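A quick note: this is a predicted structure, and the numbers were derived from the prediction, not measured.
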Amino acid sequence: MIVWLNGTHGAGKTTTSALVQQLIPDSRVFDAEKVGETLMDISPGLPETDDFQHWPPWRPLVVETARRVLDYTGGTLVMPMTVLVERYWREISAGLAHHGVPVRHFVLHADQDTLRRRIEGDTVMGSSSFRLARLEPYAEAARTWLHGEAEVVDTTHLTPAQAARRIAEAVRA
């Protein structure tokens, strides 16, 4: 099984995923961003883009990597990864379904002011114009399709530990 933690930057995906992993037996965290980083390391580089998710190989490589890890290890993969383009989500989820991999899709949500404050106050990654620029696309995806495709966990007033407990309880139920 995959527990996919979606949502924009500042929602708490990375922190929450590590805590969810501790609460779900036989689980591992797989950050699909690492697949994108591998593609970014190709030299000479792939065609210019502002987001590696736009590269057509990224999505099937995420599916293939996740399913092969699960075939090897069993258990659960906790995947913190923002996917805001509906077509990309459909491609990934259909690919996983084709391989018989069940997915529990959660969206970690927070209001725009909270997200902006978290991004600007991030002491680990620092404030980032890239991350801030993703707030409006997230709001649009949330309004048009994303919240209808997932279980929404509003993290505006939750600690990462509280969000992780809610997710783990939902998965166990």
Side-chain angles (χ1 to χ4, degrees), residues 1-36 53 59 62-63 65-67 69-70 73-86 88-97 99-125 127-128 131-132 134-173:
M1 165 188 275
I2 290 175
V3 175
W4 193 292
L5 302 185
N6 206 338
T8 195
H9 303 279
K13 295 180 308 297
T14 301
T15 304
T16 302
S17 67
L19 297 169
V20 169
Q21 185 275 322
Q22 294 172 17
L23 296 171
I24 297 176
D26 196 25
S27 65
R28 292 167 174 73
V29 175
F30 167 43
D31 187 344
E33 189 166 323
K34 301 300 182 190
V35 174
Q53 291 187 18
R59 298 172 303 277
V62 166
V63 169
T65 305
R67 85 155 179 106
V69 169
L70 285 171
T73 64
T76 300
L77 286 182
V78 180
M79 296 182 62
M81 187 70 221
T82 301
V83 178
L84 301 179
V85 177
E86 183 177 10
Y88 298 173
W89 175 252
R90 300 240 179 269
E91 187 176 334
I92 291 166
S93 58
L96 293 167
H99 293 291
V101 178
V103 177
R104 289 291 297 268
H105 184 198
F106 294 89
V107 171
L108 302 187
H109 173 80
D111 64 62
Q112 292 284 304
D113 290 340
T114 299
L115 292 168
R116 184 172 306 284
R117 191 171 51 256
R118 288 177 183 171
I119 292 168
E120 290 171 347
D122 191 327
T123 58
V124 175
M125 296 181 67
S127 185
S128 159
R131 294 169 75 205
L132 289 168
R134 297 305 186 261
L135 294 181
E136 184 49 42
Y138 166 73
E140 178 65 17
R143 276 192 301 273
T144 58
W145 71 274
L146 184 59
H147 283 194
E149 292 289 319
E151 300 169 61
V152 178
V153 178
D154 190 331
T155 67
T156 303
H157 302 291
L158 295 179
T159 66
Q162 291 169 322
R165 278 194 299 279
R166 284 192 186 178
I167 292 164
E169 288 168 3
V171 168
R172 285 191 296 263

Self-check item: Interatomic spacing from CZ in R59 to CD in Q53 - rounded to 0.5 Å
Solution: 8.0 Å
Exercise. Starting at CZ of R172, measure out to CD of E169 and round the result to the nearest 0.5 Å.
Key: 6.0 Å
Quiz prompt | Y138 vs V107 side-chain heavy atoms within contact, under 4.5 Å | solution = yes
Quiz item: What are the two closest heavy atoms between L23 and A168, and how far apart are they?
Solution: CB-CB, 3.7 Å
Quiz item: Nearest 0.5 Å, what's the CZ-CD1 distance between R134 and I119?
Solution: 10.5 Å
Exercise. Side-chain contact test, heavy atoms from C-beta onward, threshold under 4.5 Å: evaluate it for T76 versus V171 and give yes or no.
Key: no
Quiz item: About how many Å separate OG1 of T155 and CG of L115, when rounded to the nearest 0.5 Å?
Solution: 7.0 Å
Quiz prompt | Pair listing, side-chain hydrogen bond (donor to acceptor under 3.5 Å, both in side chains) test, anchored in residues 5-30, at least two apart | solution = N6-H105, K13-T82
Quiz item: If every non-hydrogen atom of A163 is compared with every non-hydrogen atom of V153, which pair is closest and at what distance?
Solution: CB-CG1, 4.3 Å
Self-check item: K34 side chain reached by T65 side chain, heavy atoms, under 4.5 Å
Solution: no
Self-check item: Which atom of W145 lies closest to which atom of V85, heavy atoms considered
Solution: CZ2-C, 3.8 Å
Practice problem: Could you tell me the separation between the CG atom of L5 and the CE atom of M81, rounded to the nearest 0.5 Å? | Solution: 12.0 Å
Quiz prompt | Heavy-atom pair with the smallest gap, counting every atom of P80 and D31 | solution = O-OD1, 3.4 Å
Practice problem: Indicate yes or no: at least one non-hydrogen side-chain atom of F106 is less than 4.5 angstrom from one of V20. | Solution: no
Quiz item: How about L108 and I167: do any of their side-chain heavy atoms sit closer than 4.5 Å?
Solution: yes
Practice problem: Output every pair passing salt bridge (Lys or Arg N to Asp or Glu O under 4.0 Å) with a member in residues 141-153, not counting sequence neighbours, ordered by first then second residue. | Solution: R90-E149, R104-E151, E136-R143, E140-R143
Quiz item: In Å, rounded to the nearest 0.5 Å, how long is the span from OG1 of T73 to CZ of F30?
Solution: 11.5 Å
Exercise. Grab the two heavy atoms, one from L96 and one from A66, that are nearest each other, plus how far apart they are.
Key: CD2-CB, 4.3 Å
Quiz item: Should L158 and R166 count as side-chain neighbours, where that means a heavy-atom distance under 4.5 Å?
Solution: yes
Practice problem: Can you tell me which residue pairs pass the salt bridge (Lys or Arg N to Asp or Glu O under 4.0 Å) test with a partner in residues 110-124, sequence neighbours excluded? | Solution: D122-R131
Quiz item: For S127 and L132, which heavy atoms make the closest approach, and how far apart are they?
Solution: OG-CD1, 4.0 Å
